[in-house]
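I have placed the structure first, in the form of structure tokens, so that the comments after it can refer back to it.
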2 protein chains.
Amino acid sequence: MSANEDPKALAELLWGLRKPPSRGPRPAFDVAQIAETAVQVADAEGLEAVSMQRIAAELGFTKMALYRYVNDKAELIAVMIEAAVGAAPRLSGVAGWRAKLEEYARELSAAWRLHPWLPSVTTGDRVMGPRETAWPESALSALADTPLTEPERLDAIMLVSNHIRATHAAATPGTQIWTDGDAAPIMRDLLLLNADRFPLLATTHATPSATTTQEFGLHAILDGFEHAITQRIPKQ
Amino acid sequence: MSANEDPKALAELLWGLRKPPSRGPRPAFDVAQIAETAVQVADAEGLEAVSMQRIAAELGFTKMALYRYVNDKAELIAVMIEAAVGAAPRLSGVAGWRAKLEEYARELSAAWRLHPWLPSVTTGDRVMGPRETAWPESALSALADTPLTEPERLDAIMLVSNHIRATHAAATPGTQIWTDGDAAPIMRDLLLLNADRFPLLATTHATPSATTTQEFGLHAILDGFEHAITQRIPKQ
DNA sequence: CGTGAACTGTATCTATCGTACACAGTGTCC
DNA sequence: GGACACTGTGTACGATAGATACAGTTCACG
């Protein structure tokens, strides 16, 4: 998975700063169209099905024609993200930072449920497009009236979104603790076979009801925020 | 990144259930040796430098010889994980669930700092080896004396480790919020340029001190656990 | 109005990846 | 002393991302 070569060019592409060429033949399609079909392929068959070859074929063109629109595959993924993230939630109608964050978490979860490949590519140092940037902006607005400092607010919204990301990944293929998938029954057998070395895990997984939910974690996180906020209030 | 083909075979490999062959020439090396050199390559040059070709060459052998020891690359990664995770922390010497979890988080963070590629491959449904399995067992032991239910304990330790994972990934290349890396200055310029659309992010990133730490998040999480635990105590 | 520069999509090529398969040595058991 | 299982090797294949060269198209400018 090659990294982006020229982040400045990517920024111009995502933020609509590309100067349209005057001379030359009309392009047969545009970046938005490419991104849309790539998103459809990823939604239907997973991100690993998205290759230059495949997307080009989907549009009825050669692979190398795509390189006229995106400089490399990292740029293709970037425009896919920008095309797939929906509109960031408007939290102004919700009262209180806690309800706002809960609403934000719900919306984020819903967006990622629509495009299961999205949480895996929205990590790491990268250039975000305007639509994606609106999401952390929205999350920050939830904490606007709290006494938290600005770095703390950043940490807070990252904590929430990372939790949603992790639990979402857990729901789809299973995660570090085995909820479902091919490996789950094998791990259960191994744990029961070695119950003397791993007694806690063995008893926990003896009951097959261990479905990881994101509710407990989200409540804990928000309770933690509440603790920090109420503790800070009398000082300020 | 092809998925593992035969999780049962992988389980036998990781848990030492491989029957040693009697006939045939002596193997030139063993799986532990392969895993060790692969770990060294990953530590020095990143996980993307680990290919069958590269590891074989590092050992002075052909690429295809590796397939006598691991069935596919997923198995190679699996034995790398098992070789790289250190011993799980013994928390019996620490008093109180909160201090235990803090110690666990410290140890986990330290282990991942030693092998920066480790957090990215320890997700998803997969077969874990005994050394890695000891880690969640250790984490569960921290919550043994709490009134939390077993599914809640699982959720709790997943929340802690996922937080460490996310913040660790943030420290190394930068994450969703841009702390460092090639994209960071570009994003800052874009935010300041569009400060009207993203006022909160723009002001937050005007000060270049926004280094994401894992302390705030961890404290919030543990505060949340404390809330759940103290709330549960009178009932039980 | 025509010509050249800029831009388009295409065809060909390379490098790297994981992995299947046939083969010739090598060591153990009957 | 075979038979046989197991070893490492060489070759081959398909898929990947990407570079480069090329021929057709269209607009701007003289």
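Letters A, B, ... mirror the listed sequences (proteins, then strands); counts begin at 1.
The base of C:dT19 sits within donor-acceptor range of the side chain of B:K63, with an N or O pair under 3.5 Å. Judged by distance alone, with hydrogens and angles left aside, B:R68 brings a side-chain donor or acceptor within reach of the base of D:dG8, the pair sitting under 3.5 Å.
Taking atom CG on A:L66 and atom P on C:dT10, their separation rounds to 10 Å, with Å as the unit. Following rounding to the nearest Å, B:R18 (CZ) and D:dC6 (P) show an atom-to-atom distance of 12 Å. A straight line from CD of B:E75 to C1' of C:dG18 spans 14 Å, rounded to a whole angstrom. Per the geometry, CD belonging to B:E48 stands 17 Å off P belonging to D:dA17, to the nearest Å. Between A:D6 atom CG and D:dG18 atom P there is a gap of 14 Å when expressed in whole angstrom units. Following rounding to the nearest Å, B:Q53 (CD) and C:dA15 (P) show an atom-to-atom distance of 13 Å. Residue A:F29 contributes atom CZ, which lies 17 Å from atom P of C:dC7 at whole-angstrom precision. Counting to the nearest Å, the P atom of D:dA15 and the NZ atom of A:K73 are 15 Å from each other.
An OP1 or OP2 oxygen of D:dC27 is reached within less than 4.0 angstrom by a side-chain nitrogen or oxygen of A:R26. For A:Y69, a side-chain nitrogen or oxygen approaches OP1 or OP2 of C:dG9 to under 4.0 Å. Between B:Y67 and C:dG18 there is no side-chain N or O to OP1 or OP2 distance below 4.0 Å. When the side-chain nitrogen and oxygen atoms of A:S51 are compared with OP1 and OP2 of D:dT16, one or more of them lie within a distance under 4.0 Å.
A pairwise comparison of heavy atoms in A:H163 and A:Q214 identifies NE2-O, 3.0 Å as the closest pair.
Across all strands, B:M52 comes closer than 4.0 Å only to sugar-phosphate atoms, never to a base (heavy-atom distances).
Defined by atom type and a distance below 3.5 Å, a donor-acceptor pair is missing between the side-chain atoms of A:T133 and B:R197.
When B:L190, B:L191, B:L192 are each tested for a side-chain contact (heavy atoms from CB on, under 4.5 Å) with B:R188, only one passes: B:L192.
In this structure, A:N194 and B:W15 have side chains that are in contact, with non-hydrogen atoms separated by less than 4.5 Å.
When each of A:R23 and A:M64 is assigned the nucleotide of DNA chain C with its nearest heavy atom, A:R23 is the one assigned upstream, toward the 5' end.
The pair B:E103-B:R106 counts as a salt bridge, with a side-chain nitrogen and a carboxylate oxygen less than 4.0 angstrom apart.
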